[in-house]
Amino acid sequence: MTDHTLLSTEKSSPKIAIIGGGLTGLLTATLLERTSNQTHDLSNTPQITIFEKSRSVGRLATRYRTDSDTGKNWQWAFGAQFFTAKTDSFQQFIVPWLDTGLLQPWCANVVELTPANDNGQSPDIQSKEQWDTVHTRYISTPKMTSWGRELAAGLRHTNIVFKTRVAPLDEHTTHSDDKKTELFDETGNSLGWFDWVICTAPNGQAVELMADSGFSQQVNITQPQMQACYTLMLGWDNVQELPETLNSQTAPQWDVAYLNSEVLDRIFIEHHKPARDELLPSITIHARNDWSQVHVDDDLETIKATLLMAAQQALTWDKDSAPRQTDCHRWRYAATIIDTDTKELGILVDETRQWIVSGDWCARGNIESCYQVARQTVEAVCRARSI
């Protein structure tokens, strides 16, 4: 993790505010607590508060519905579908949850799917690859949100405040003598004074939060380019009603499809994932990021109709095999555009005010990036407190 000591016995315990209860915020709090525990001095344990605007933690969103007749669920991971662990440090970090089974590898069969066209050509499905343990993709069980909730439950010195929107910071919220910052909610109520403020919101939201604050790195927040993503969620009553392209009786049997489509990007079969055996047939479809960005402000019902039409071309259902459940979600800030010639941005630090702007978008925009920027944040706090 880090060789730095977060706390000095000569300095008081820091009060740290983390804006955003997604994985970046949760991992930052987790690593801050772990680092402080290395000192074995409870009197200097940091007082951490996470302010989350929604009702729950973790941006790995899961949506589910229950069938009234069977009592079984449809379930869709309509945010991140999986994650990788390519660095040694992150591989070591996730070991405890692999040991308990909360995190599991997903060795999916992957195909390339070309949808049907207007000339009567049927969908074409070709085997692409099988995900294996060499380049493992991991999922959280029984839901993708389960890991985030487990991280939150493991925090011992962190208070999570839900349904709270932090108001944009301004130049007058910082006390120049001791670098403390007073935060307010959107109604103007004080949320308290903090030694450190760590913003983990998507960069579009971070721009708004820091716009009039005098943040020294403001111009860099907009450097990474973000794109939107629409997600379509489909559900069937039973596997017998699935269209032929999804029925496990047909060959090749598949779990993930990469699409040759102007609208759709990938299809994920949720009930094929590990520890999902009790699910009703549930399919998650991500639209292409570039298409989603062009249509990011379109009416959601219009988008849903367009996605359903594209999905029907890919999966070719008729009235007897049409999905019973349909839903659609819009992510405004879903994907960081990665330029292979550009160095990762990294976290943005204003040492004078002791503000940090962080998030997966500061790196490669994936779950491992959440961990990487959380480590960078802890190291930045450590360096400042050792001065």
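Residues Val263 and Arg288 fail the side-chain proximity criterion, which asks for heavy atoms closer than 4.5 Å. Two residues are said to be in side-chain contact when any heavy atoms from C-beta on lie closer than 4.5 Å; Gln47 and His157 fail this criterion. The side-chain heavy atoms of Ile347 and Val349, taken from C-beta on, include a pair separated by under 4.5 Å. Within the 4.5 Å cutoff, the side chain of Gln130 has no heavy atoms near those of the Val110 side chain.
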Problem set entry | Arg137 vs Thr84, side chain to side chain contact (heavy atoms under 4.5 Å, CB included): CA-CA, chis, key distance, verdict | CA-CA 5 Å; Arg137 279 77 167 178; Thr84 57; 4.3 Å; yes
Problem set entry | Audit row: Ile337, Gln227, side chain to side chain contact (heavy atoms under 4.5 Å, CB included) steps and yes/no | CA-CA 7 Å; Ile337 300 176; Gln227 287 189 325; 3.7 Å; yes
For this session: Determine, step by step, whether Gln225 and Thr336 satisfy the side chain to side chain donor-acceptor pair (under 3.5 Å) criterion, reporting the C-alpha distance in whole Å, the side-chain angles of both residues, the deciding distance to 0.1 Å, and the verdict.
Result: CA-CA 6 Å; Gln225 298 297 304; Thr336 304; over 6 Å; no
For this session: Go through the steps for Glu186 and Val166 under the test side chain to side chain contact (heavy atoms under 4.5 Å, CB included), then give the verdict.
Result: CA-CA 6 Å; Glu186 59 185 352; Val166 176; over 6 Å; no
Exercise. Which is it for Thr49 and Asn159 under the side chain to side chain donor-acceptor pair (under 3.5 Å) test, yes or no, and what are the steps along the way?
Worked result: CA-CA 5 Å; Thr49 304; Asn159 181 34; 4.8 Å; no
For this session: Apply side chain to side chain donor-acceptor pair (under 3.5 Å) to the pair Asn289 and Ser292, showing each step before the final yes or no.
Result: CA-CA 5 Å; Asn289 293 121; Ser292 298; 5.5 Å; no
For this session: May I have the step-by-step check of salt bridge (charged side-chain N to carboxylate O under 4.0 Å, His left out) for Arg63 and Asp327, ending in yes or no?
Result: CA-CA 9 Å; Arg63 187 166 293 176; Asp327 203 352; 2.8 Å; yes
Exercise. Are Lys163 and Ser54 close enough, and set up right, to give a side chain to side chain contact (heavy atoms under 4.5 Å, CB included), and what steps lead you there?
Worked result: CA-CA 5 Å; Lys163 296 183 180 179; Ser54 67; over 6 Å; no
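Under the 6.0 Å cut-off for aromatic ring centres, Trp147 and Phe83 qualify, their centroids lying closer than that. A distance below 6.0 Å separates the ring centres of Phe93 and Trp97. Taking the centre of each ring, Phe78 and His286 stay at or above the 6.0 Å mark. Aromatic rings of Trp131 and Phe82 (six-membered ring for Trp) have centroids within the 6.0 Å cut-off, being under it.
Following chains of ILVMFWY side-chain contacts shorter than 4.5 Å, one can reach Leu300 starting from Ile285, so the two form part of one hydrophobic cluster. With hydrophobic clusters built from ILVMFWY side chains whose heavy atoms lie under 4.5 angstrom apart, Leu155 shares a cluster with Ile48. The same ILVMFWY cluster, assembled from side-chain heavy atoms under 4.5 Å apart, contains both Leu264 and Ile303. In the hydrophobic clustering of ILVMFWY residues, with side-chain heavy atoms under 4.5 Å counting as a link, Phe162 and Leu151 come out together. Linking Ile, Leu, Val, Met, Phe, Trp and Tyr whenever their side-chain heavy atoms come within less than 4.5 Å puts Trp317 and Val239 in one cluster.
For the residue pair Asp185 and Thr187, the shortest heavy atom distance occurs at OD1-OG1, 2.7 Å. Closest of all the heavy-atom pairs between Gly101 and Thr141 is O-OG1, 2.9 Å. Nearest heavy atom pair, residue Ala287 against residue Cys229, reads O-SG, 3.7 Å. The two atoms that bring Glu344 and Ala363 nearest to each other are OE1-CB, 3.6 Å, heavy atoms only. The shortest heavy-atom contact between Ser140 and Ser146 is OG-CB, 3.4 Å. Residues Asp350 and Gly214 share a closest heavy-atom pair of OD2-O, 4.0 Å.
Side-chain polar atoms of Asp124 and Gln126 form a donor-acceptor pair below 3.5 angstrom. A donor atom on one side chain and an acceptor atom on the other are not found under 3.5 Å apart for Asp360 and Thr24. Judged by distance alone, the side chains of Ser89 and Arg375 do bring a donor and an acceptor atom under 3.5 Å apart. A side-chain N or O of Ser369 and one of Asn366 form a donor-acceptor pair less than 3.5 Å apart. Side-chain atoms of Glu33 and Thr158 form a donor-acceptor pair, as typed in the model, at a separation below 3.5 Å. Inspection of the Thr284 and Glu270 side chains reveals an N or O donor paired with an N or O acceptor under 3.5 Å. Residues Trp355 and Thr181 bring a donor and an acceptor atom of their side chains to less than 3.5 Å of each other. Inspection of the Glu52 and Thr164 side chains reveals no N or O donor paired with an N or O acceptor under 3.5 Å. The closest side-chain donor-acceptor pair between Asn260 and Glu112 falls under 3.5 angstrom. A donor-acceptor pair shorter than 3.5 Å can be found between the side chains of Arg65 and Gln325.
In this structure, the side chain of Tyr230 engages the main chain of Val296 through a donor-acceptor pair within 3.5 Å. In this structure, the side chain of Gln223 does not engage the main chain of Val219 through any donor-acceptor pair within 3.5 Å. Panel note: side chain Gln75, backbone Pro142; a donor-acceptor pair is recorded below 3.5 Å. In terms of modelled atom types and a separation under 3.5 Å, the side chain of Trp254 and the main chain of Thr245 share a donor-acceptor contact. Using modelled atom types, no side-chain atom of Thr306 and backbone atom of Lys304 make a donor-acceptor pair closer than 3.5 Å.
Remark: Asp212 CG is loosely packed, at most 12 non-hydrogen atoms of other residues, nucleotides or ligands lying under 6.0 Å away. For Tyr258, the OH atom is densely surrounded, since the number of other residues' heavy atoms within 6.0 Å is greater than 12.
Using a 4.0 Å cut-off between charged nitrogen and carboxylate oxygen, Asp195 and Lys179 do not count as a salt-bridge pair. Note on Asp237 versus Arg324: salt bridge recorded, some NZ/NE/NH1/NH2 to OD/OE distance being below 4.0 Å. A salt bridge is absent between Lys273 and Asp255; no separation between the charged side-chain nitrogens and carboxylate oxygens falls under 4.0 Å.
Expressed to the nearest 0.5 Å, how far CG of Leu103 lies from CG of Leu98 amounts to 5.5 Å. Interatomic distance, CD1 of Ile139 versus CE of Met144, reported as 7.0 Å (0.5 Å rounding). Note that CD1 of Ile221 is 12.0 Å distant from CD of Gln205, once rounded to the nearest 0.5 Å. With rounding to the nearest 0.5 angstrom, the CD atom of Glu150 is 10.5 Å from the OG1 atom of Thr30. Separation of atoms SG (Cys382) and CG (Leu32) is listed at 7.5 Å; rounding is to 0.5 Å. Atom CD in Glu379 sits 9.5 Å away from atom CG in Leu31 (nearest 0.5 Å).
Partners of Gln217 under the side chain to side chain donor-acceptor pair (under 3.5 Å) rule, at least two apart in sequence or in another chain, are Asn220.
Ring geometry for Phe51 against Phe194 counts as perpendicular: the plane angle is over 60°, on a 0 to 90° scale with 30° as the lower cut.
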